[in-house]
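Notes follow once the structure below has been shown.
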Amino acid sequence: MNNDDALIEGEEHRNANGDEGRGVVAVVVILVGAPGSGKTTFCNAVMSAARRAWVRVCQDTIVNGKAGTKVQCLKAAADALREGKSVLLDRCNLEQEQRADFVKLGGSRADVHAVVLDLPAKVCISRSVNRTGHEGNLQGGKAAAVVNRMLQKKEPPKLSEGFSRITFCQNDKDVNDAVGMYCGLGPSDKLPSGVFGQKSKEAKVQLGIMKFLKKVDKDQSQSSFSRETRKSDSCAMEIENKNEDKKEKVDQSTSHSTSLSDVPTLAFPSISTSDFQFDHGKASDIIVETIAEFLQKAKNVRLVLVDLSHKSNILALVWDKAAKKSIDSSKFFTFVGDITQLYSKGGLRCNVIANAANWRLKPGGGGVNAAIFSAAGEALEVATKERAESLSPGSSIAVPLPPSSPLYQREGVTHVIHVLGPNMNPQRPNCLKNDYVKGSKILRDAYMSLFENFASIAHSHAKRENVKDLKAKRESFNDSETSKKYKGFFTSDDEHNNEHEQLLAEIRSDTSKFIKSSEKEKNSAESRKRTWSSWALALHEIAIHPEKHKGVVLEMSNEFVILNDLYPKAKKHVLVLSRLDGLDSLEDAKKEHLPLLRSMHSAGVKWVQKFLSEDSSLSFRLGYHSVPSMRQLHLHVISQDFDSTHLKNKKHWNSFTTMFFRDSVDVIQEIEQYGAAKVSGDEKLLAMELRCHRCRSAHPNIPKLKSHIANCKASFPSNLLQNCRLLSASSVTTAESK
DNA sequence: GTTCTAGAAC
DNA sequence: GTTCTAGAAC
């Protein structure tokens, strides 16, 4: 690897300096970026200080200052090239298809570069919302929606599309650097090719990998593309149908038995069959065999083999073989989708996902590895590094995902298991040169290791009897060594060991709260109790002495008191306040509290019904804050309009719209199943960017968000529509009948 | 200049 | 939890 890097560096050097005498080399720079990302600014900056002739081609202004067509842009660009000028293409170009025709302008005539202005969505939205008199006329409230929609479809450019150079800019500094570079580009200069500035701090390594891949990518896409698509086209429909059926089955089962969607589920890609070129027939046999073996031992878990494409060959093979082996289709099935968006796009809850990692456990490269690292954010890189430096073929390592990771927040993924399979590709490290005896063993080991790791995670989850128990164990294990691997299925021999290992994993992964408290206050059970500020005692006072607060109490029983939230964050916002002294927050709730939680819930539902009878346009959620600000357990019953002057800041918003808010139905279910409810109390959750709770679009600040939600009519995300999490006029009748 | 956030005090 | 306000962002 080091050798590769050195080689690449040498090449760069030659390219950057060694092209005098070759004459003028025109460049087509295809800008890629959402509205507000600064494409026009970029063009103007380059052209104002350029050392070569540039023509800016902008679709928004191409017809005498007015918007034109793509064809007109192509013509203008071609004309410019013919005159020996270089081209700055100023249009969004976020999708590959939109870029393809412009890339074709290259070839012998010109180098084609991409400059990706990949600034945070928030920045683009903020700029396009605020701008006035922009040529594209994308202003005002609609801008945010447009930007969001476009960003969802974005496909980062790849060298394989035909670019000779791609520059990613993630912030203003990157943009300025890129401007400077193109300004300084003289008529006969040529910039080094490759990918630059992609999300990795080790740009050189990244470049090395990308260059290395470029060659392989092309080779592969030519050979395996024709081979595979033709073959699979004939059965594509079939697979699609099967998967449709399958998905329906899953949906049905989730709606019938409320627990299925929360069964620990592992989503995994096929290991070694794409980039590592392992034979699909042999691989599918191994997948099905190891799954069958695993499912015999493991109870109450699900496995899902995921591939991006309906045309996946391996998915079809595994599907057929699993059916022939009569593998229980509720415990194992295949799924077509992006493994980093199974929940948000596919409605499939998977708390653990596997990553087809490289031996260095580095992000980038391509395929699943790049996708997962990029979706999980830097948090995964850091967490991975803490655990291991590298991975050997046939093994795997589980990494708990910090709650700050977008994958955790958006998809509910708590662990990523990195797996490394055997390599049959001569252009990759450790190639087995067609030795399928060795290869098959390694692939089998890889899956076994993956499933074992998953089993440990699932097992520990189920083992969480109650929070107190866990805390006690945590403390006793707190100082132990960490680097051992998880081992064993659910055999009694390994059980103790497993618990130990998993508790360690939990200590590291779970909400930092526990760690902090166990570090600060070691052994005394009393001192572990949270201290509350004076203002945080108001609810406790009402709960213990409701008779003194008749003015605010709406309803009262022995178990709870109902009152309006003093600072309602929506049109309707009431609290169902437990009267049980000593039960202060969700993390203290245990099985013994289930009757109380259930009656609080149904009291809340009754109020929802009352509110709905007054205004049927409202929708409601019932839930708890993971870490409440006020003492005394209280259930929020809140309408989803969030139309209130008291909703003023990010914390308010995120406390009701992220995983910080734990739906009462889920809380009850988790306590029934595991003895405790999961709390997502990470501070970062409350500092997250502002997203619409309906359409998930991002907004630059609270006022903009509020004006958006006042008008957003998008349907709620699918997860809220399941399991009676969201109550509305149409759903409440079904909730009642349950 | 105004708008908006975020930290401290309560 | 809210209020107040300095100063960042626009």
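Within every chain, numbering begins at 1; the chains are lettered A, B, ... in the order of the sequence lines, protein sequences first and strands thereafter.
Set against B:dC4, C:dG1, B:dA6, the side chain of A:Lys650 has B:dA6 as its closest nucleotide. Considering only the side chain of A:Met630, C:dG1 comes nearest among C:dG1, C:dT3, B:dT5. When distances run from any side-chain atom of A:His652 to the nucleotides B:dT5, C:dT3, C:dT2, the shortest one goes to C:dT2.
In this structure, A:His625 reaches the sugar-phosphate backbone alone: every heavy-atom distance under 4.0 Å involves primed, P, OP1 or OP2 atoms, never a base. Residue A:Ile702 is in sugar-phosphate contact alone, with no base atom involved, counting any heavy-atom pair closer than 4.0 Å across all strands shown.
Taking side-chain N and O atoms only, A:Lys122 has no distance below 4.0 Å to OP1 or OP2 of B:dT5.
Note: NZ (A:Lys648) to P (C:dG1) measures 14 Å, nearest angstrom. The CG-C1' distance, from A:Leu686 to C:dG1, rounds to 13 Å in whole Å. Separating the NZ atom of A:Lys651 from the C1' atom of B:dG7 is a distance of 11 Å, rounded to the nearest angstrom. Atom NE2 of A:His699 and atom P of B:dT5 are 13 Å apart (whole Å). Remark: P of B:dG7 and CD of A:Glu683 are 11 Å apart, rounded to the nearest angstrom. In this structure, A:Trp653 atom CH2 and B:dA6 atom P are separated by 16 Å, rounded to whole Å. As a whole-Å value, the separation of A:Leu566 CG from B:dC10 P is 20 Å. Taking atom NE2 of residue A:His646 and atom C1' of nucleotide C:dT3, one finds them 12 Å apart after rounding to whole Å.
Under 3.5 Å, the side chains of A:Ser697 and A:His699 contain a donor-acceptor pair of N or O atoms.
At least one donor-acceptor pair under 3.5 Å links the side chain of A:Arg99 to the backbone N or O of A:Asn93. A:Asp663 contributes no side-chain N or O that, together with a main-chain N or O of A:Val665, makes up a donor-acceptor pair within less than 3.5 Å. Remark: side-chain polar atoms of A:Lys706 are paired, donor with acceptor, to backbone N or O of A:Ser644 under 3.5 angstrom.
For A:Trp535 and C:dG1, the ring-to-base geometry satisfies the stacking test (centroid distance below 5.5 Å, interplanar angle below 30°).
For the pair A:Arg530 and A:Trp532, the cation sits on the ring face: its NZ or CZ lies under 6.0 Å from the ring centre, inside 45° of the axis.
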